[in-house]
Each structure stands twice: as structure tokens, then as C-alpha cells.
There are 2 protein chains.
Amino acid sequence: MTERFERELMRGSLDLMVLSVLADGANYGYLIQKRVRDAGGDMIKLQAGTLYPLLHRLEADGVIKSKWDHSTGRKRKWYELTPAGRRRIRDQALQWDKYAACIQRILTPALAALPAK
Amino acid sequence: MTERFERELMRGSLDLMVLSVLADGANYGYLIQKRVRDAGGDMIKLQAGTLYPLLHRLEADGVIKSKWDHSTGRKRKWYELTPAGRRRIRDQALQWDKYAACIQRILTPALAALPAK
DNA sequence: AACAATATATCGTTGTACGATATATGTCAA
DNA sequence: TTGACATATATCGTACAACGATATATTGTT
């Protein structure tokens with residue numbers, strides 16, 4: 001039940017989280033996954049099977065671009081933000097704040113109306 | 001694009017919004033929809049085709065219960081919270097706060113890292 | 001040699017939100 | 001009085017994101 005809730009919560013903000021990690025500088029999938037997981041504590045368990053298609057989608061959207069790195073034995077695909085990506089972070093961050101404020105506006109009086117536990 | 005983002009954002013928190021409206025007292029679908037839309041400003045366009053299945057799902061979950069009202073010409077199905085519903089609001093409100101804090105924790109430094117527009 | 005960690009990728013399943021559509025009653029103006 | 005609009009609930013097919021499982025290959029550890 002709680003897992004379902006968390007999973008659905010992630011939808012719509014996961015893109016923004018990944019883009020935010022890239023705002024800190026170029027990075028590759030495996031490390032991005034770790035960064036998001038660390039930031040998420042026990043809330044966000046980002047799966048590889050979620051992340052890689054997500055990165056492909058963002059690239060197809062033109063908000064990130066990639067470059068293969070074969071210099072090490074393990075090949076890595078580095079991603080970085082495009083100008084459109086930076087714009088999207090700013091836009092979606094505003095959207096997110098507006099959305100969160102809206103939830104709070106509904107939630108706060110509701111909790112107040114609930115009988116004290 | 002932005003519409004897509006908003007749509008996905010709603011997932012996972014829409015149940016909580018509907019339950020929150022019911023925390024204010026029993027209500028029926030059509031008015032619940034209005035309440036959520038009003039609270040959401042231009043962010044949340046809750047569709048009837050979303051709401052009614054959602055209410056059925058919540059009832060099947062045992063967090064709300066319904067009663068038909070035929071006293072007026074237009075029949076209305078009134079919903080109210082069950083004790084499990086009140087518990088769920090409290091639980092998911094905590095989850096939501098945790099989640100929102102986590103997004104902020106990622107978002108704030110990212111925005112700071114972005115070149116000033 | 002066996003196993004864990006690193007690293008990317010795809011595939012089928014699940015579940016939610018959407019728009020369209022259906023149905024029916026009440027209200028108000030032309 | 002007829003037509004339009006708001007009220008009121010419901011279902012259906014579609015789209016799509018996140019999941020878990022699986023595949024593949026390299027590097028580090030025991």
C-alpha cells in the first residue's frame with residue numbers, strides 16, 4: 001500500500017530529479033541512480049529499468065545529450081544538460097512549487113478537521 | 001509538455017486530495033470534483049472519468065463508504081471517510097511531507113548551480 | 001574460480017489519468 | 001416549449017511511466 005503510494009508519487013517528478021542531478025555537472029546512469037537514491041533516503045528506490053528508458057526519453061526530448069566514454073574498460077554513457085534542459089529545470093521547479101503549495105492548501109485544513117488521534 | 005508534467009504530478013497525490021476533501025465532511029462526486037478543481041487553481045483539472053473510478057477504488061479499499069440519496073430529483077452518491085480513511089490521510093500526509101522535502105533537497109542546490117538566467 | 005559490484009539495456013506487466021461517450025434530471029431563457 | 005446548459009454518475013479504450021526480471025559484459029575481491 002505504502003509502496004504503491006510512493007511509486008505513484010514519483011511519477012512526474014522523477015524527470016526533474018534526474019535533470020537536477022545533472023545540473024551539478026555531467027554524469028552517467030549508474031552514478032545518477034546512486035545520487036537520486038541517496039537524496040531520496042528510503043523514499044526513492046530508483047530502478048535501473050526505470051532510469052535508462054527515462055534517460056533515453058529525456059535525450060529524445062532534447063533536454064540532455066550523451067557521449068560514450070570507452071577510455072575505461074567499462075563503457076559509460078555520459079549525459080549533460082542542454083540549454084533546453086536548463087530551461088526545463090527552471091520551469092518545472094516553478095510548477096513543482098505551485099503544485100506542492102496546492103497540496104498543502106488542501107492538506108492542512110483536512111488534517112486540522114480530523115479528530116485528534 | 002507542461003500538461004504532461006502536471007498530469008504525471010497528480011498521480012499518487014490525487015487520492016490524498018479527494019480524501020482530504022472528505023475530511024471536511026461527507027460529500028458527493030460532482031462537488032468533490034469542484035472542490036479539488038477550485039483548490040488546484042489552474043494546476044489540477046480533475047476529470048469526471050478520473051474521479052468516479054477513483055472513488056470506487058477508494059471504497060473497495062475501505063477508506064470511504066457510500067450511500068445513495070434519492071430524496072432530490074438528481075440522485076447523488078454521498079461518500080464519507082471510514083476510520084481507515086482517516087488513518088490513511090494521516091499516513092499519506094506524512095509521506096507527502098517527507099517526499100516534498102526530498103524533492104526540495106535535490107532541487108534547491110540544482111537551481112543554485114544553474115547559471116543565472 | 002567464484003562472486004559481488006559496476007554499467008547499460010530491453011521486455012512484459014501493472015495501474016492511473018485522460019478524453020470520449022452514454023444516460024438522465026433540473027433550470028432558465030428565447 | 002424547445003433548446004441549451006448545468007448537474008450527476010458511470011464506463012470504455014488509449015497512453016504511458018515505473019516496476020521487476022532478465023541479459024550482457026567488465027572489473028575487483030576472496
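Proteins come first, then strands; the chains are lettered A, B, ... in the order of their sequence lines, and each starts at number 1. Computation of the quantities below employed the complete heavy-atom set of this structure, encompassing side-chain atoms and omitting hydrogens, waters and symmetry-equivalent molecules.
Side chains of B:Q47 and B:R37 form a contact here, defined as non-hydrogen atoms less than 4.5 Å apart.
Surrounding NZ of A:K98 are more than 12 heavy atoms belonging to other residues, nucleotides or ligands, all under 6.0 Å away. No more than 12 heavy atoms of other residues, nucleotides or ligands shown are found within 6.0 angstrom of NZ on A:K67.
Distance check, rounded to the nearest 0.5 Å: CG of B:L114 to CG of A:L81 gives 7.0 Å. With rounding to the nearest 0.5 angstrom, the CG atom of B:L51 is 13.0 Å from the NZ atom of B:K34. In this structure, A:L9 CG and B:Q92 CD are separated by 8.0 Å, a value rounded to the nearest 0.5 Å. We find the CZ-CG distance between B:R88 and B:L19 to be 7.0 Å, quoted to the nearest 0.5 Å. Between the CD1 atom in B:I103 and the CG atom in A:L16 there is a gap of 6.5 Å [rounded to 0.5 Å].
In 5' to 3' order, the nucleotides of DNA chain D bounding all contacts with chain A (an atom under 4.0 Å from a heavy atom) are D:dC16 to D:dT27.
Remark: B:W68, B:R74 in residues 65-74 of chain B come within less than 4.0 Å of DNA chain D through at least one heavy atom. A heavy-atom distance below 4.0 Å to DNA chain D is reached by these residues of residues 23-40 of chain B, ordered by number: B:Y28, B:G29, B:Y30, B:K34.
Rounded to whole angstrom, the span from the NE2 atom of A:H56 across to the C1' atom of C:dC11 amounts to 14 Å.
With hydrogens and angles ignored, the 3.5 Å screen pairs no side-chain donor or acceptor of A:Q95 with any backbone N or O of B:E6.
Within the structure, the side chain to side chain donor-acceptor pair (under 3.5 Å) test picks out the following pairs touching residues 10-25 of chain A (sequence neighbours left out): A:R11-B:E8, A:S13-B:Y99, A:D15-A:R57, A:D24-A:R35.
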- Verdict with supporting geometry, B:W68 and B:K75, side-chain contact (heavy atoms from CB on, under 4.5 Å): CA-CA 7 Å; B:W68 279 103; B:K75 60 195 166 78; 3.7 Å; yes
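The salt bridge (charged side-chain N to carboxylate O under 4.0 Å, His left out) test applied to A:K77 returns no partner, not counting sequence neighbours.
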Atom pairs, protein N/O to nucleotides 16-19 of chain C N/O, distance under 3.5 Å:
from: C:dT16; atom 1: O4'; to: B:R11; atom 2: NH2; distance (Å): 2.5
from: C:dT16; atom 1: O2; to: B:R11; atom 2: NH1; distance (Å): 2.7
from: C:dC18; atom 1: OP2; to: B:T50; atom 2: OG1; distance (Å): 2.6
from: C:dG19; atom 1: OP2; to: B:Q47; atom 2: OE1; distance (Å): 3.4
from: C:dG19; atom 1: OP2; to: B:Q47; atom 2: NE2; distance (Å): 3.1

